[in-house]
Structure formats: C-alpha cells, structure tokens
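Let me begin by presenting the structure, written as structure tokens, before commenting on it.
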Amino acid sequence: MGGTAEVAYAERFTAESAEIGAARARAEQLPGPPPLAPAVGAMLSVLAASVSARSVVSIGSGGGVPGLWLLRGMRPDGVLTTLDGDAAQLRAARTAFAEAEVPSSRTRMIFGTPAEVLPRLSPGAYDLVACTGPPRDYSDQLAGLLDLVHPGGTLVCHGLLAGARIADRSVRDPQTVAWRELARTVRDDENLLSAVLPVGAGLLLATKRPTAAR
C-alpha cells in the first residue's frame with residue numbers, strides 16, 4: 001500500500017516456503033483474484049497462532065496459498081476447512097496441501113458457495129474465519145460467517161483497500177459497494193471489535209467481544 005520505502009520493506013519482510021511459492025505459481029495461472037501477498041499470508045499465520053487456532057475456515061481456497069499460511073500458524077492438531085465454488089481452485093489447493101505433506105486429517109475441502117455450505121458448519125465452533133475472495137462472494141452471508149466464530153474468535157477479510165476504491169465516493173462498482181456495506185456493518189456492530197490493517201490489499205478484522213464471566 002502506498003509505495004513508501006517503509007511499506008516496501010514490510011512487504012519484503014516475509015519469506016515464503018518453497019511449498020507456498022509453488023502453490024502461488026499454480027494459483028497465478030488460474031482465473032480469479034491474484035494469490036495473497038506473502039505479507040498477508042504471514043498476518044494470517046500470526047492471527048491463527050495468536051489464538052492457538054484449532055478450527056479455522058477459509059472462504060475461498062486461493063489455490064491453497066491462504067490455507068498453507070493458516071496451517072502454519074494453527075495448532076499441530078488443528079483442522080482447516082476450506083470451501084470454494086471454483087473446482088479448479090479447490091483442486092489446486094488439494095495439490096498444494098499434498099505437496100506440502102499436510103496430513104489429510106488436518107484439512108477438509110468442500111465444494112460450494114458460502115450460502116450452500118455455511119448452514120452445514122457448526123455455529124460457534126471456529127477460532128478464525130478468513131475470507132480471501134471478492135466480497136460479493138460472501139458479503140450477503142456476513143451474519144452466518146460471524147456465527148461460526150466463538151466469542152473471542154475473529155473474522156478477517158482481505159481486499160477492501162485494493163486500488164484505493166473504497167475511499168473514492170465516486171466509485172460505485174458492485175465489489176466496492178459490497179466492501180463499503182460490509183465494513184460499515186462490522187464497524188457499527190457493538191458486539192465486535194474491528195480494525196483495518198493496510199497490509200497487502202487491506203485486511204478488515206472483526207473479533208467477537210468475549211462474553212462476561214459468570
């Protein structure tokens with residue numbers, strides 16, 4: 001973001017593993033948004049590690065790039081559930097996990113859209129939900145996404161600062177409008193603690209306030 005020397009340093013700070021690099025190369029050949037930048041992947045790892053995540057959902061497989069970063073920060077016994085309505089992306093993710101020698105017991109791959117799949121997942125059972133695709137793929141399911149995480153759990157969405165469009169009120173394309181509505185809903189929800197981080201194309205974080213102890 002921004003092109004300053006400080007930002008450039010931050011973007012170069014993270015080194016990818018060979019497995020993530022190979023997954024990135026495959027993902028770049030597929031239709032859809034570009035794979036996550038290493039700085040964004042590293043942030044996902046840190047978020048997963050900060051809550052000692054055991055159960056994580058990835059909305060959009062991104063050719064396996066987001067999943068490999070998330071697994072890097074999760075507990076050794078953690079399980080990543082990845083869902084995608086694009087079969088090619090999901091196949092690429094499966095290949096990425098196999099090449100990285102991720103045990104099959106640690107991943108669950110589901111083909112389908114959030115509207116189709118979320119009702120099959122257990123509410124309040126997840127530490128972290130990461131959305132890395134276009135917002136219109138999941139924005140109308142925001143309530144369901146938030147229902148997945150337990151109090152203290154976090155929803156993270158990548159891409160809201162792409163091209164600085166969200167701040168330009170003259171820009172009214174459907175994806176930008178979806179970002180504005182999603183960000184406004186998260187910011188105004190008193191049950192959430194939210195922040196925007198200028199990492200990669202921008203991260204929107206929303207953490208459910210912990211419930212009061214009895």
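These numbers come from the heavy atoms of this one structure, side chains and all, not from hydrogens, waters or symmetry mates. These numbers were taken from a predicted model, which means no experiment stands behind them.
A single hydrophobic cluster is not seen to contain both L205 and L193; linkage of ILVMFWY side chains at heavy-atom distances under 4.5 Å, directly or through other members, places them apart. V51 is not connected to V57 by any chain of hydrophobic side-chain contacts under 4.5 Å among Ile, Leu, Val, Met, Phe, Trp and Tyr, and they are in different clusters. Follow the hydrophobic side-chain contacts under 4.5 Å out from Y138 and you never reach V177; the two are in separate clusters.
Within the structure, side chain to side chain donor-acceptor pair (under 3.5 Å) pairs that include any residue of residues 141-152 comprise D127-H150 (at least two apart or interchain).
There is no side-chain donor-acceptor pair under 3.5 Å between R187 and S194. Remark: the S61 side chain and the T82 side chain contain no N/O donor-acceptor pair separated by less than 3.5 Å.
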Evaluate the side chain to side chain contact (heavy atoms under 4.5 Å, CB included) criterion for residues V56 and Y126: first the C-alpha distance (whole Å), next the side-chain angles of each, then the deciding distance (0.1 Å), finally the verdict.
CA-CA 6 Å; V56 175; Y126 297 90; 5.9 Å; no
Mind running side chain to side chain contact (heavy atoms under 4.5 Å, CB included) on R120 and I110 for me, showing each step along the way?
CA-CA 10 Å; R120 294 153 49 189; I110 305 175; 3.7 Å; yes
Go through the steps for E99 and R26 under the test salt bridge (Lys or Arg N to Asp or Glu O under 4.0 Å), then give the verdict.
CA-CA 12 Å; E99 289 188 355; R26 268 190 305 272; 3.2 Å; yes
After noting the C-alpha distance and the side-chain angles of T154 and V149, does the key distance pass the side chain to side chain contact (heavy atoms under 4.5 Å, CB included) rule?
CA-CA 7 Å; T154 295; V149 297; over 6 Å; no
Checking side-chain hydrogen bond (donor to acceptor under 3.5 Å, both in side chains) for the pair T81/R108: CA distance, chi angles, key distance, verdict?
CA-CA 5 Å; T81 299; R108 182 167 60 148; 3.2 Å; yes
Check the pair L204, V156 against side chain to side chain contact (heavy atoms under 4.5 Å, CB included), reporting the backbone distance first and the verdict last.
CA-CA 6 Å; L204 174 65; V156 55; over 6 Å; no
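Under the 4.5 Å side-chain criterion, counting only non-hydrogen atoms from C-beta, L155 is in contact with L142. Proximity of P34 to E28: side-chain heavy atoms (C-beta onward) are nowhere separated by under 4.5 Å. With contacts defined as side-chain heavy-atom distances shorter than 4.5 Å, the pair L192/T207 does not qualify. Considering only heavy atoms from C-beta on, L70 stays 4.5 Å or farther from L47 through its side chain. Put simply, the side chain of S58 does not reach to within 4.5 Å of the side chain of L83, judged on heavy atoms. By the 4.5 Å heavy-atom criterion applied to side chains, L182 and T185 are not counted as neighbours. When side chains are defined from C-beta on, T107 does not count as touching V79, because their heavy atoms never get closer than 4.5 Å. Residues P198 and L161 meet the side-chain proximity criterion, which asks for heavy atoms closer than 4.5 Å.
Between atom OG of residue S45 and atom CE of residue M74 there is a gap of 10.5 Å, rounded to the nearest 0.5 Å. Once rounded to the nearest 0.5 Å, the distance linking CG of L68 with CD of E16 reads 9.5 Å. If you take CZ on R106 and CZ on F97, they are separated by 10.0 Å, rounding to the nearest 0.5 Å. For the atom pair L128 CG and S52 OG, the distance stands at 12.0 Å (nearest 0.5 Å). With rounding to the nearest 0.5 Å, the separation of CZ in F111 from CG in L90 is 8.0 Å. The line from SG of C157 to CH2 of W179 is 5.0 Å long, rounded to the nearest 0.5 Å.
Residues A27 and G62 come closest through the heavy atom pair CB-O, 3.8 Å. A183 and L160 make their closest contact through CB-CD1, 4.4 Å (heavy atoms, listed as atom of the first residue, atom of the second, distance). The two atoms that bring A42 and T14 nearest to each other are CB-OG1, 3.4 Å, heavy atoms only. The minimum heavy-atom distance between G63 and Q89, with the atom names listed, is N-OE1, 2.9 Å. Heavy-atom minimum distance, R72 versus A15: NH1-O, 4.0 Å. Of all heavy-atom pairs spanning R172 and R169, the tightest one is CD-O, 3.8 Å.
Not a single donor-acceptor pair under 3.5 Å links the side chain of E181 to the backbone N or O of A178. Listed for the R209 side chain is a donor-acceptor partner under 3.5 Å among the backbone atoms of E190. The backbone N or O of L36 lies less than 3.5 Å from no partner atom in the side chain of H158, so there is not a single donor-acceptor pair. Judged purely by atom type and a 3.5 angstrom limit, R180 uses its side chain to pair as donor or acceptor with the backbone of I166. A donor-acceptor pair is defined here as one N or O able to donate and one able to accept, closer than 3.5 Å; no such pair exists between the side chain of S122 and the backbone of A125.
Annotation for R136: atom CZ does not count as buried by contact number, only 12 or fewer foreign heavy atoms lying within 6.0 Å.
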